[in-house]
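Chain naming here is simple, since letters A, B, ... match the order of the sequence lines and numbering starts at 1 in each.
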Amino acid sequence: MTGLFVLFIYVGIFVGAYLIVTRVIHPAAAKDYTSLKTVTFGDESAVRPNRWAGVISILTIFLIWGMFTGSTLLPKFLHAPAPFEGTLEFTYTAEAAGARDDATVTVIVHPREIDTDAPEVDPGDGFAKNDSATIAQWRTGLVRVDSNDEITKSDGAQVVAINGTPIAPGETVAIDNGTVTLSDKGTPNVAPSRGWQMEPLYLPPPEDVWTRTFTVINEGFRSFTLWEHLGYSLFRVVAGFLLGALVGIPLGYAMGLSNWFRGWFDPIVEFMRPVPPLALIPLVIIWFGIGETGKIILLFLAALWIMAIAARSGVSGVNISKVHAAYSLGASKWQIMRHVIMPNSLPEIFTGARVAMGVCWGTVVAAELVAAEQGAGMMIMVASRFQNTDIVILGIILIGVIGFGIDMLMRYAERLLVPWKGKA
Amino acid sequence: MSGLALQDISMRFDLPNGSSVQALENVSLDLKPGELMSVLGPSGCGKTTLLNIVAGFLAQTSGKLVLNGHEITGPDAERGMVFQKGALFEWMSVRENVGFGPSMKGMPRAEKAGIVDHLLDVVGLQDFKEKAVYELSGGMQQRVALARCLANDPDVILMDEPLGALDALTREKMQSLVLKLWKETGKTIILITHSVEEALLLGERLIVMAPRPGRIHKEYRLPFAEMGVGADLREVKKHPEFGSRRDEILGMIWDMEEEIMGRTEVAS
Ligand SMILES: Nc1ncnc2c1ncn2[C@@H]1O[C@H](COP(=O)(O)OP(=O)(O)O)[C@@H](O)[C@H]1O
Ligand SMILES: [Mg+2]
C-alpha cells in the first residue's frame, strides 16, 4: 500500500519535473548542432542524458527516502504521516455472569529506543478495572485487561465491546490513533497507527546513515576500521585480478596462436566460462578455508577465464593484413608477437579487464557475505545480523561507489593506454 | 638472373565440403627489374591469390617462383606489400609506422630517422610525422603505407587494390604519386586494380586475367605509364589509344562477367 503510494509520488515527480524542465527551462538551452536536428526520435546520437533529469532523479530518491523515514533534513510538512506517539485511550466492556462493566485502558506508545513504564492508573469502579500498558511504535501489544479485574477470563469474563462497539474474537474496532483486534482467545490486541513511514529498523533516515558513517569511520566495525574493511576487499580484488591476468593473458595468447593449446584449453575454458564464480565459493571454502588464500583463488578463477578469452579474441581479431604487412617488412615471429599481436590485442584485453574487475568486485562481496573476518561484504552481512540497517545501507552505497570508481579508473586507463581503440 | 619469374604457377583450394577451387592454372610471367605491371580481371579470378603467392603468404600447389636467382618460399623484406587498407599499425605514429621495417632489422636510430624523414618528404607527410595514423584521411594513410613499404627498400612491391578505397580525386593524385615513386626508385611493381583506367595508367605491362580456372587471358605493353610520369594524367587519358584500349578491355571483362553470371544462373 505504502509502496503504491511511493510509486505514485515517484511517477508524479518524474512527470512534473519533465513538464517543468522542458516547458520552462529548456527552451532557453543553448543552441547546438543537435538542437537543429529535425529528426531525433530514432536517432540514438541525438539522445543525450538530460542534466536536469539526472540531478532531479538523485534528489528525488533522497526526497522520498527522507519523506518516508521522517528525516530531519526535510521540513515536517513533507513527511509522510508519522507513526503515532503519545497516549492512547479506549474503553472495553467486560461481561460476566450477565453483568457488564466498562473500564478504560491507557496505552503509552513510545519510540522503540526509549523504555517507558506503564503509568499508574486509578482502578475505577465496577468489576472491570482500568488498565495501562506500553507499546513501542510500529509494534502491537496484547493488553491483558482482565488480569486486574475482579472477574478474570478464566472465571468467565469476556470482552464484548471496545469504545461501545460490539466486538467478537477475530474482529477489529478502530479507535483514535489505532485499532483494537480481539484475539482468538478474547484478549484485546492494540495496534497504534503506524502512519506511512518506514521503521528505522527497516530503513533509517538518510541523516542516520550519514552520522553512522562517521561513527564507523571513527570507531571502526568489528575490530577493523572502515578503511581496513574496504582495503581488504580491494586488495583481494586486485590480487585475484592480477593473478588472473598474469595467467589468463598468456594462456589466451597461446590459445590464439597454437592449435595444440587451443585444442587443449578450449574445452576447459568453454566449460568454466559459464560457471558463475559464486558457484565456486563453497568448494573454495572447503579446500582453502575462509582466509585470504581461498578468496584470492576464487577471484583468480573469476578473472582467469575472462582474461584468457579476451586475449584469445584479441589475437584472433588481428587483421591478417597487419600480420602479412609485418612479415613483408621483415619482422620475425617474435617481433610480430611483440609489435603487432600484443598491441593489437590490447583493446580487447582492456575490455576484458573491465569486465573482470566488475565480476571480481561482485564476487568478493559475495564471498565475504558467506564467510570473512573483514571486508565490505562481511560488514553488511554482520550488520544485517544485528539489524544495523544503517550500516547495511552505508555498506551498499560504498560498494556501489567503489565498483563505479573501479570502472571509471579502468576507462581512464583505457583512454590513456589504448587511444586507438575502436579506430581501426 | 635478375627479375621475377613465375613458372607454371597453379593453385587449388580444397574446400571442407570436398570440392575444390582452381584459383590459378599454369600462370607464367617474367618481370624484369623496374617493370611496372598492372593486373586486371573480374572478381574471383585469382588476382589476390597470385599476389599472395608472390608475397610468400600462400604456397602454390605447383610451379615455381624465382626472384633474382633464388626461389621464393615465404614472406621476406625483399618483397614489400601495400594493402587496400587496415594494414597500418594504429598504435604507432606515422613516423613509427614508416620506420617499422628498419626497426625490425635493428637499423641504427640516426640512419633510420634519415630514411623516414626522406620518405615522409617524398610522400608529402612531413607535417604529420607524429600524428596517429587513425587521425589521417584514407589517402594519407595509403601514403604512409607506401612510405612504410619503401623504407625497407624491397626489390619488388606488391599492391592489392591500393587505391580501391579512395575517392576519385584522391585516387588521381595517388596514381601520380605511384608513377613518381616507380620512376624515382626503379622498383619492380605489381599492382592489382579493379579500375581499367587505373590499370592502363599504372602499367607498362597489363595483364587481364580470366576466371575458373584463374589464368592470364591477355597481355598488353602500354606507353601510358611512361607518358604519365610527371605529367597530367588527364591529358594521358585523352590519348586516342587510351580510349580504344579502355573500351577493348572493358568489353573483355564485361563478357567474362556475363559468362560468370550465366553460369551461376544455370547452376541455380
Ligand atoms: N582461402 C581460400 N579458400 C578457398 N577458396 C579461396 C581462398 N582464397 C581464395 N579462394 C577462391 O579462389 C578464387 C580466387 O580468389 P581471389 O584471388 O581472392 O580473387 P580476386 O582477388 O581476383 O577477386 C575465388 O574463387 C575464391 O573463392
Ligand atoms: Mg582480390
Please determine whether the number of non-hydrogen atoms from other residues, nucleotides or ligands lying under 6.0 Å from atom CZ of F265(A) exceeds 12.
yes
Relative to chain A, which segment of L158(B) carries a heavy atom at a distance below 4.5 Å: side chain, backbone, both, or neither?
neither
Which is it for W91(B) and L346(A) under the side chain to side chain contact (heavy atoms under 4.5 Å, CB included) test, yes or no, and what are the steps along the way?
CA-CA 10 Å; W91(B) 46 93; L346(A) 278 184; over 6 Å; no
Portion of V340(A) that has a non-hydrogen atom of chain B nearer than 4.5 angstrom
both
Minimal heavy-atom distance between M104(B) and H339(A), with the atoms involved, is CE-CD2, 3.5 Å
CD (E71(B)) with more than 12 external heavy atoms under 6.0 Å:
yes
Contact summary for A77(B) and L329(A), nearest pair of heavy atoms:
CB-C, 4.1 Å
Return the minimal non-hydrogen interatomic distance between G86(B) and S321(A), and the atom names on each side.
O-CB, 4.4 Å
Determine whether more than 12 heavy atoms belonging to other residues, nucleotides or ligands lie under 6.0 Å from atom CG of D14(B).
yes
Over all heavy atoms of both residues, which pair between F89(B) and K322(A) is shortest? Give the atoms and the distance, please.
CE2-O, 3.7 Å
Short question: side chain of E90(B), backbone of W420(A) - any donor-acceptor pair under 3.5 Å?
no
Residues, nucleotides or ligands: over 12 heavy atoms within 6.0 Å of K180(B) NZ:
yes
Per-residue contact mode, N152(B) against chain A (heavy atom under 4.5 angstrom)
side chain
Interatomic distance, K105(B) atom NZ to S332(A) atom OG [nearest 0.5 angstrom]
14.0 Å
Tell me whether Y232(A) at atom OH has more than 12 heavy atoms from other residues, nucleotides or ligands lying less than 6.0 Å away.
no
As an exercise: rank A325(A), A331(A), P343(A), G330(A) by heavy-atom pairs under 4.5 Å with chain B and give me the winner.
P343(A)
